[in-house]
Amino acid sequence: MVLVSATSSIPALTHDIDLEITEHWQTKVPALFCYEAAAHQPQSWVRGKDRSILWQTDQNWSDFFKTTCQHLDENEAIQYSAQAAGSMIRAVLAINEILFSGNTKVQYCYKRCFIKDFLLIFDLVYKLSSFLKDPQISFAKVWIIKGKLQLSNGKNINSKVWADIEITVDKYDILQLPRVVCYNPWVRKDPLGWHIYSSGELCWEFPCLWQEKLLEASCLEKIDNGKIAKLAAEWCINSVITLIYYHWTAHKYNIKDWPPEWNYWKHGEEGLKQYEEEKKARNNKRIA
């Protein structure tokens, strides 16, 4: 067993934490201990019998290493554990502030922390890869997922065409829109007319809407990392399928300009104005 001591920082505060990592680290989630009093309030769902923080289940931890990170060694596992633990400690301390002070401002801070949980990114990467054929996952400063995506969503798009894509996911923050590139030669290269950046990345969603909806979802009761990761993965994949399918359709039928009946976001300031108008309309509908 390895005992790792580290610190976890939140604004104006630093907290001492210990991680216990056993020789069976690929199947046994490291035990996490925090010595701040606020982390030991009597909530059974965040505290084990040994007063450790319940930050992940053995099953989820084991599944992650089996399916997503077979390339990790023990040192990398320790590093990732410490990073994930830091996120969890911040969340646990904020949770206790919410429960014992009822401070709604702290609750918002907690939700932001929750949605940036390192393990949430693990789950998102795994779920995104599950939509691809022969997925390849690598990690350096960001997560990179490569594979083949069938252009079919089981609803209005049912194609047998496969797209070679690469998805890049931020190391920590699910609020950062995943970057997607499609390498098929028939993808249009026009940045203005076909919703693709000059870098080749697809403009598949408006970033402000992505952030708004995920933050909104994180504030719902009885929602956990798995549900948020599922929401994000399905949203990303379905939007990417739609956009790439439009490119393939344009190639097949020699369509030169983006048809007005295909929904799209405008660009730049016009896109931001469109987003604000639609957001206002959604809010007014809720009030009504």
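Residue numbers run from 1 in the order of the sequence given.
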Any link between [X] and [Y] through a network of hydrophobic side chains (Ile, Leu, Val, Met, Phe, Trp, Tyr) touching at under 4.5 Å?
X	Y	result
L214	F122	yes
V180	W186	yes
I255	W258	yes

Where do [X] and [Y] come nearest, in terms of heavy atoms and distance?
X	Y	result
A233	K127	CB-CB, 3.8 Å
D170	D173	OD2-N, 2.7 Å
V142	V169	CB-O, 3.5 Å
I121	I174	CD1-N, 3.6 Å
L128	I167	CD1-CG2, 4.1 Å
C203	L243	O-CD2, 3.7 Å

(request) Report the C-alpha distance between L209 and W235 in whole Å, list the side-chain angles of each, state the deciding distance to 0.1 Å, and finish with yes or no for side chain to side chain contact (heavy atoms under 4.5 Å, CB included). (result) CA-CA 11 Å; L209 181 64; W235 181 358; 4.2 Å; yes

(request) Test side chain to side chain contact (heavy atoms under 4.5 Å, CB included) on E234 and F131 and set out the steps. (result) CA-CA 9 Å; E234 291 180 349; F131 287 97; 3.8 Å; yes

Using 0.5 Å steps for rounding, measure from the [atom1] atom of [X] to the [atom2] atom of [Y].
X	Y	atom1	atom2	value
E205	H195	CD	NE2	11.5 Å
F206	E278	CZ	CD	9.5 Å
S129	L124	OG	CG	9.5 Å
Q136	K146	CD	NZ	7.0 Å
W248	S159	CH2	OG	5.0 Å
K148	L151	NZ	CG	11.5 Å

(message) Can you confirm whether the side chains of Q176 and W210 place a donor and an acceptor under 3.5 Å from each other?
(response) no

(message) Between Q274 and E270, do the side chains contain a donor N or O and an acceptor N or O under 3.5 Å apart?
(response) no

(message) One pair to check against side chain to side chain contact (heavy atoms under 4.5 Å, CB included): I244 and I165. What are the steps and the verdict?
(response) CA-CA 10 Å; I244 297 178; I165 70 168; 3.8 Å; yes

(request) State whether W162 and K133 meet the cation-pi test: NZ (Lys) or CZ (Arg) under 6.0 Å from the six-membered ring centroid, and within 45° of the perpendicular axis. (result)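 Here K133 passes the 6.0 Å and 45° test against W162.
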
Just wondering, do [Y] and [X] contact through their side chains at under 4.5 Å, heavy atoms?
X	Y	value
W204	P178	yes
D190	I196	no
L149	I241	yes

(message) Check the orientation of W265 and Y275. Use parallel for under 30°, tilted for 30 to 60°, and perpendicular for over 60°.
(response)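 Correct class here is tilted.
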
(request) Evaluate the ring planes of W194 and W262, with Trp represented by its six-membered ring, and classify them as parallel (under 30°), tilted (30 to 60°) or perpendicular (over 60°). (result)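 Ring orientation of W194 relative to W262: perpendicular.
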
(request) Please write out which residues are connected to Y183 in a hydrophobic cluster, directly or through intermediates, given that two of Ile, Leu, Val, Met, Phe, Trp, Tyr count as joined at side-chain heavy-atom separations below 4.5 angstrom. (result)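 Besides Y183, the cluster holds V181.
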
(request) Indicate yes or no for a side-chain donor-acceptor contact from N184 to the backbone of D164 under 3.5 Å, with no hydrogens or angles considered. (result) yes

(request) Keeping the roles fixed (side chain from N254, backbone from H251), state whether a donor-acceptor pair exists under 3.5 Å. (result)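 Judged by distance alone, no pair lies under 3.5 Å.
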
(request) Decide yes or no on side chain to side chain contact (heavy atoms under 4.5 Å, CB included) for Y246 and R188, but give the supporting numbers first. (result) CA-CA 10 Å; Y246 286 162; R188 298 294 176 90; over 6 Å; no

